[in-house]
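Please read all numbers here as calculations on a predicted model, not as lab measurements. Lettering follows sequence order; numbering is per chain, from 1.
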Amino acid sequence: MQVDLKDKVAVVTGGTRGIGLGIAQALAANGAKVAVVGTNPEKLKQAVESITATGAEAEGYICNVASTEEVEKTVNAVLEKFSKIDILVNNAGITRDVPLGAMKDEEWDDVIAVNLRGPFLFTRACSKPMRRAKKGRIINITSISGLIGNKGQANYSASKAGLIGFTRTASKELAGKNITVNAVAPGFIETDMTNVLPEIYKTELKSRTPLGRIGQVADVAAAVLFFAGDEANFITGQILTVDGGLIR
Amino acid sequence: MASTEEKVIGIIADQLGRERDEITLTTDIQKDLGADSLDIAEMLIQFEDEFNITIEESEAQNIVTVADVVSHIAAAVNGQAGGAADTEKEEK
């Protein structure tokens, strides 16, 4: 997937590893300057270096996406550095998988805070310079768990379903300012987050996937690139599932 | 009907959580009121919507005080965008 993102400025939350890192690298490889947002200083440094090593421009920002103060400070810092924000990818997400009956309040709250409040805070902040510029792209990374549910993920699936509702409302509110808001819903993608799952579970998922393989980060990044590029400028409020046909 | 100055001060006060009487024409929006980039972006959007004008980014960078905002709006409303209008002669 190739799109022309030359001179565009992109913010990617949770950009230090997994899907987020793949998205940050893909945006940079297509010409964007990337603000990588993460919480782990060492991983953030590595992520930024992996991008700058290719000759692309990137800057790292430590930020808890659930903190209003930290998000606004981060977005201000990005604006100071890059003067504008063209693309926001709300990717930061965590799991605290526990069966519903045993789920602790904190396990619910933490997941909702990072996965749902985070995108709200980043969208609210980044939409200001985008509304000023009368253009922008917001891409939320949700999950098929938010579409069909998943045992042990009451918190995660609620947060991701919430993000789908948020995507649809934001797309309506921001359309008047030429800002599109779309979501990508990955299925089972090979990352640190899914590597912890039992082998038997992975094998079963693979066998149930019509395209017969586990998804790769690049599969998700390609969908993000599509929404970020000029070619998608008449598409908003959409949820694009990237799951090898699993939930069809 | 509220004057341009009153409307501008109202928008700034609301955005920054300040009292209207804290803000005068000579108030520096960033230095005196502590507005950051996000505050300024939001206020500029509101000025544009309220007065049905466009403030280009290059022009926005020259806006420092409340008077700069008022004069810019007056000029834009008069169809002579560029911020050259005298605040004192602002049209009602």
Side-chain angles (χ1 to χ4, degrees), chain A residues 7-11 13 33 35 37 59 61 63-88 90 117-138 170 172-179 181, chain B residues 4 7-18 22-23 27-77 79 81-83:
Chain A
D7 297 328
K8 304 274 189 198
V9 176
V11 175
T13 70
K33 299 169 184 172
V37 179
E59 185 82 20
Y61 299 87
C63 174
N64 168 9
V65 300
S67 157
T68 304
E69 195 188 348
E70 289 187 34
V71 170
E72 295 195 348
K73 200 174 142 203
T74 299
V75 175
N76 269 305
V78 174
L79 288 171
E80 291 285 312
K81 165 84 181 166
F82 295 107
S83 305
K84 61 171 186 167
I85 295 170
D86 299 292
I87 301 158
L88 165 65
N90 282 309
R117 181 180 160 90
F120 158 62
L121 294 177
F122 259 95
T123 300
R124 186 174 65 184
C126 291
S127 68
K128 291 177 184 179
M130 288 179 180
R131 282 157 63 215
R132 268 287 294 150
K134 295 184 182 64
K135 61 176 179 179
R137 295 295 164 88
I138 297 170
K172 289 181 174 165
E173 286 195 19
L174 297 173
K177 295 289 184 186
N178 192 30
I179 299 166
V181 189
Chain B
T4 301
K7 285 183 188 167
V8 166
I9 288 175
I11 288 169
I12 295 170
D14 289 348
Q15 176 62 31
L16 301 175
R18 300 286 190 140
E22 283 182 79
I23 305 168
T27 302
D28 184 313
I29 299 167
Q30 282 180 276
K31 285 191 185 140
D32 297 336
L33 301 176
D36 62 23
S37 304
L38 290 182
D39 294 324
I40 289 171
E42 183 62 34
M43 286 188 282
L44 289 170
I45 294 162
Q46 291 189 31
F47 297 145
E48 289 186 332
D49 290 349
E50 175 70 31
F51 298 99
N52 197 23
I53 57 166
T54 300
I55 305 170
E56 297 299 333
E57 207 51 51
S58 55
E59 298 164 340
Q61 283 165 9
N62 297 325
I63 292 174
V64 178
T65 65
V66 175
D68 293 336
V69 179
V70 174
S71 61
H72 185 91
I73 291 167
V77 169

Engineer: Please step through side-chain contact (heavy atoms from CB on, under 4.5 Å) for the pair B/Ile55 and A/Arg132, ending with a clear verdict.
Structural biologist: CA-CA 9 Å; B/Ile55 305 170; A/Arg132 268 287 294 150; 4.1 Å; yes

Engineer: So how far is it from B/Leu38 CG to A/Ser127 OG, rounded to the nearest 0.5 Å?
Structural biologist: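 Going from the CG atom of B/Leu38 to the OG atom of A/Ser127 covers 9.0 Å.
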
Engineer: Count the heavy atoms of every other residue, nucleotide or ligand shown that sit under 6.0 Å from NZ of A/Lys84, and state whether that count exceeds 12.
Structural biologist: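 For A/Lys84, atom NZ is crowded (more than 12 foreign heavy atoms under 6.0 Å).
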
Engineer: Nearest 0.5 Å please: distance from the CD atom of A/Glu72 over to the CG atom of B/Asp39.
Structural biologist: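 Between A/Glu72 CD and B/Asp39 CG, I get 7.5 Å after rounding to 0.5 Å.
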
Engineer: Check whether more than 12 heavy atoms from other residues, nucleotides or ligands sit under 6.0 Å from atom CD of B/Gln30, and answer yes or no.
Structural biologist: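 Result for CD/B/Gln30: open.
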
Engineer: To the nearest 0.5 angstrom, please state how far the CD atom of B/Gln46 sits from the CZ atom of A/Arg131.
Structural biologist: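 Between atom CD of B/Gln46 and atom CZ of A/Arg131 there are 7.5 Å.
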
Engineer: What heavy-atom pair brings B/Ala41 and A/Pro129 nearest, and what distance separates the two atoms?
Structural biologist: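 In terms of heavy atoms, the two residues are closest at CB-N, 4.1 Å.
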
Engineer: Inspect the contact between A/Lys177 and B/Asp49 and indicate whether a charged nitrogen and a carboxylate oxygen are less than 4.0 angstrom apart.
Structural biologist: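 A salt bridge is present here (some side-chain N lies under 4.0 Å from a carboxylate O).
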
Engineer: NZ/A/Lys128 to CD1/B/Ile40 distance, rounded to the nearest 0.5 angstrom?
Structural biologist: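 Interatomic distance, A/Lys128 NZ to B/Ile40 CD1, rounded to 0.5 Å: 12.0 Å.
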
Engineer: Between B/Glu48 and A/Lys134 (salt bridge meaning N to carboxylate O under 4.0 Å), is one present in this structure?
Structural biologist: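 A salt bridge links B/Glu48 with A/Lys134.
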
